Amino acid sequence: MIRRNHIILFVVIIAFFSLGFQYMYAALTETAWNNIATRFGINLIPLCIIGLIDFWIVRSTYRFRRNDNTLFVVTLNLLLSALSAILLAIVIDMALSFILSEEYQYDFGTSSLPIAMFNCIVVLLIEIFFYHNRQIEAEKKLVIIEKEKLQYQYETLKAQVNPHFLFNSLNVLSSLAYEDADKTNLFAKKLSNIYRYVLLSNSRSTVPVSEELTFLESYIFLEKIRFGDALHFEITNTSNSDKQIIPVSLQLLAENATKHNIATSAQPLTIRIHITNDGITVSNNLQLRSSVEKNGYGLSNLQKQYDLYDKKIEVTQTNTDFTVKIPFVG
């Protein structure tokens with residue numbers, strides 16, 4: 001973040017350097033420059049204005065930069081700043097000629113060319129200043145990303161090792177053991193796959209959609225055993241399987257749906273997952289529970305992860321449906 005006092009200090013430095021350049025130019029060209037104090041006061045304000053204009057030009061174009069157009073933008077800034085310096089020099093020269101007596105008249109226009117040349121150096125200094133400032137902000141952002149990533153990994157693992165989830169899964173596993181040995185074995189393998197995926201994905205920032213769907217299949221199997229006909233899953237258009245998303249994001253959205261909505265044989269819950277070219281849409285029919293235990297883990301945490309990639313999740317709620325669209329991050 002560029003503070004106002006930094007801008008003021010930078011502009012003043014530009015003004016003094018410009019003034020020094022003018023003095024050296026007058027000395028080298030053997031141009032008389034008497035009454036330095038008076039001329040210092042006359043030139044300081046317009047040179048500050050020129051420096052402020054340079055700063056504004058560079059700052060205004062900085063947001064439009066990409067890796068492939070940096071040279072073009074810098075060249076454009078040099079031309080715009082040189083033109084503004086020349087025009088301002090001519091205007092000030094005309095104003096001073098009109099206001100001041102002959103004793104203090106100063107031909108500002110004749111020195112506009114060297115001012116414009118020096119102004120290009122000033123613009124390059126401003127470019128370096130902005131580049132340095134961006135590098136500092138990038139380093140700070142990397143620190144924040146690593147911190148958020150670690151927090152997300154911890155919260156994801158904690159959510160999956162949640163005592164309620166494990167308790168429900170073990171209860172189902174215990175019931176199956178007396179009914180169907182093969183299904184019990186399959187249930188245990190799917191539960192193992194879930195924990196294995198969560199542990200492995202904690203070391204990665206993103207995962208392919210194909211891997212997330214494979215993991216989701218294990219989660220769906222466990223939930224179908226638990227809810228039976230009260231829960232339905234619909235997955236359509238499994239293309240773009242090579243796209244990257246935040247790990248465990250689909251499972252979290254599915255878990256949110258079962259957590260916040262009633263799922264019974266009389267009121268079945270349907271979770272629909274649709275993969276498009278620009279993201280994945282997860283929706284469910286809305287039949288909210290009267291009371292839900294909140295642990296602070298959900299959409300807000302997921303949004304923080306997508307914020308690290310400058311992406312936004314889209315949440316839409318109607319009287320009948322709740323929909324969340326998550327974008328691809330790679």
Side-chain angles (χ1 to χ4, degrees), residues 152 156 159-160 162 164-165 168-169 172 186-187 190-191 193-194 197-198 201 206-295 297-306 309 311-330:
Y152 177 73
T156 301
Q160 289 301 327
N162 188 297
H164 295 289
F165 176 80
N168 291 331
S169 298
V172 173
L186 184 57
F187 187 95
K190 296 292 185 181
L191 183 60
N193 289 340
I194 287 178
Y197 178 83
V198 171
S201 64
T206 62
V207 293
V209 173
S210 57
E211 291 188 20
E212 184 74 4
L213 288 176
T214 301
F215 160 68
L216 186 64
E217 186 272 332
S218 296
Y219 176 78
I220 291 174
F221 178 84
L222 298 187
E223 294 299 271
K224 288 287 291 181
I225 294 295
R226 176 186 171 192
F227 288 96
D229 293 337
L231 182 64
H232 302 281
F233 280 90
E234 298 176 1
I235 302 177
T236 57
N237 188 11
T238 56
S239 60
N240 296 308
S241 59
D242 58 333
K243 295 289 187 179
Q244 298 286 320
I245 59 174
I246 301 296
V248 197
S249 53
L250 295 183
Q251 184 272 335
L252 289 176
L253 295 177
E255 185 181 33
N256 268 356
T258 57
K259 175 182 177 182
H260 292 278
N261 292 275
I262 297 172
T264 63
S265 299
Q267 293 180 282
L269 178 66
T270 301
I271 300 175
R272 300 174 292 272
I273 301 174
H274 182 62
I275 304 173
T276 63
N277 291 328
D278 57 349
I280 303 177
T281 300
V282 180
S283 62
N284 61 271
N285 53 316
L286 198 63
Q287 39 196 37
L288 295 174
R289 298 177 185 269
S290 57
S291 60
V292 178
E293 179 186 355
K294 296 182 179 181
N295 56 15
Y297 186 81
L299 292 178
S300 60
N301 199 322
L302 187 61
Q303 179 59 73
K304 289 181 180 178
Q305 300 307 306
Y306 279 99
Y309 299 90
K311 302 285 187 178
K312 295 293 182 181
I313 63 176
E314 300 176 11
V315 180
T316 306
Q317 180 173 332
T318 66
N319 293 331
T320 58
D321 294 280
F322 184 82
T323 304
V324 179
K325 183 176 181 180
I326 57 174
F328 298 127
V329 294

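Not measured: the values here are computed from a predicted model. Starting from 1, each residue takes its place in the sequence as its number. Because only heavy atoms are used, hydrogens play no part in the values below, and waters and symmetry mates are left out as well, while side chains stay in.
The number of heavy-atom neighbours closer than 6.0 Å to CG of Asn277, taken from other residues, nucleotides and ligands shown, is 12 or below.
Scanning both residues, Pro327 and Tyr306, for their nearest heavy atoms gives O-CE2, 3.3 Å. Of all non-hydrogen atoms in Leu269 and Ala263, the two that sit nearest each other are CB-CB, 3.8 Å. For the pair Ser265 and Ala230, the tightest heavy-atom approach, listed with the atom from each and the gap, is N-CB, 3.8 Å. The two residues Gln244 and Thr206 come nearest to each other via the heavy atoms OE1-OG1, 2.9 Å. When all heavy atoms of Lys311 and Gln303 are compared, the pair lying nearest together is O-NE2, 3.2 Å. The two residues Pro208 and Ser241 have their closest heavy-atom pair at CB-O, 3.8 Å.
With a 4.5 Å cut-off on side-chain heavy atoms, Val209 and Glu211 do not count as touching. Between Leu250 and Ile326 there is a side-chain heavy-atom pair separated by less than 4.5 Å. By the 4.5 Å heavy-atom criterion applied to side chains, Leu299 and Leu252 are not counted as neighbours. In this structure the side chain of Glu217 never reaches within 4.5 angstrom of the side chain of Thr214, judged on heavy atoms. Within the 4.5 Å cutoff, no side-chain heavy atoms of Phe328 are placed close to those of Asp242. Under the 4.5 Å side-chain criterion, counting only non-hydrogen atoms from C-beta, Leu216 is in contact with Ile273. Looking at heavy atoms from C-beta onward, Phe322 lies out of side-chain contact with Asn256 at the 4.5 angstrom threshold.
Between the side chain of Glu223 and the main chain of Leu231, no donor-acceptor pair closer than 3.5 Å is present. Here the side chain of Arg289 pairs a donor or acceptor atom with the backbone of Thr258 at under 3.5 angstrom. Not one N or O on the side chain of Lys325 forms a donor-acceptor pair closer than 3.5 Å with the backbone of Val315. In this structure, Gln251 contributes its side chain and Ile194 its backbone to no donor-acceptor pair below 3.5 Å. The closest donor-acceptor contact from the side chain of Ser249 to the backbone of Ile245 lies at 3.5 Å or more, if one exists at all.
With rounding to the nearest 0.5 angstrom, the CG atom of Leu186 is 8.5 Å from the OG atom of Ser218. Here the CD1 atom belonging to Ile275 is positioned 12.0 Å from the NZ atom belonging to Lys243, to the nearest 0.5 angstrom. Atom CG of Leu222 sits about 4.5 Å away from atom CZ of Phe187, to the nearest 0.5 Å. Between the NZ atom in Lys224 and the OH atom in Tyr219 there is a gap of 13.0 Å [rounded to 0.5 Å].
Listed by chain and number, the residues in a ring pair (Phe, Tyr, Trp, His ring centres under 6.0 Å) with Tyr197 are Phe215 (sequence neighbours excluded).
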When the side chains of residues 279-287 are checked against the rest of the protein, which donor-acceptor pairs come out under 3.5 Å, sequence neighbours left out?
from: Ser283; atom 1: OG; to: Arg272; atom 2: NE; distance (Å): 3.3
from: Asn285; atom 1: OD1; to: Thr270; atom 2: N; distance (Å): 2.8
from: Asn285; atom 1: ND2; to: Pro268; atom 2: O; distance (Å): 3.2
from: Asn285; atom 1: ND2; to: Gln287; atom 2: OE1; distance (Å): 3.3
from: Gln287; atom 1: NE2; to: Ile262; atom 2: O; distance (Å): 2.6
from: Gln287; atom 1: NE2; to: Gln267; atom 2: O; distance (Å): 2.9
from: Gln287; atom 1: NE2; to: Pro268; atom 2: O; distance (Å): 3.2

*Steps toward side chain to side chain donor-acceptor pair (under 3.5 Å) verdict (Thr323, Asp321)*: CA-CA 6 Å; Thr323 304; Asp321 294 280; 5.9 Å; no
*So Val207 and Ile246, side-chain contact (heavy atoms from CB on, under 4.5 Å) or not? Walk me through it.*
CA-CA 6 Å; Val207 293; Ile246 301 296; over 6 Å; no
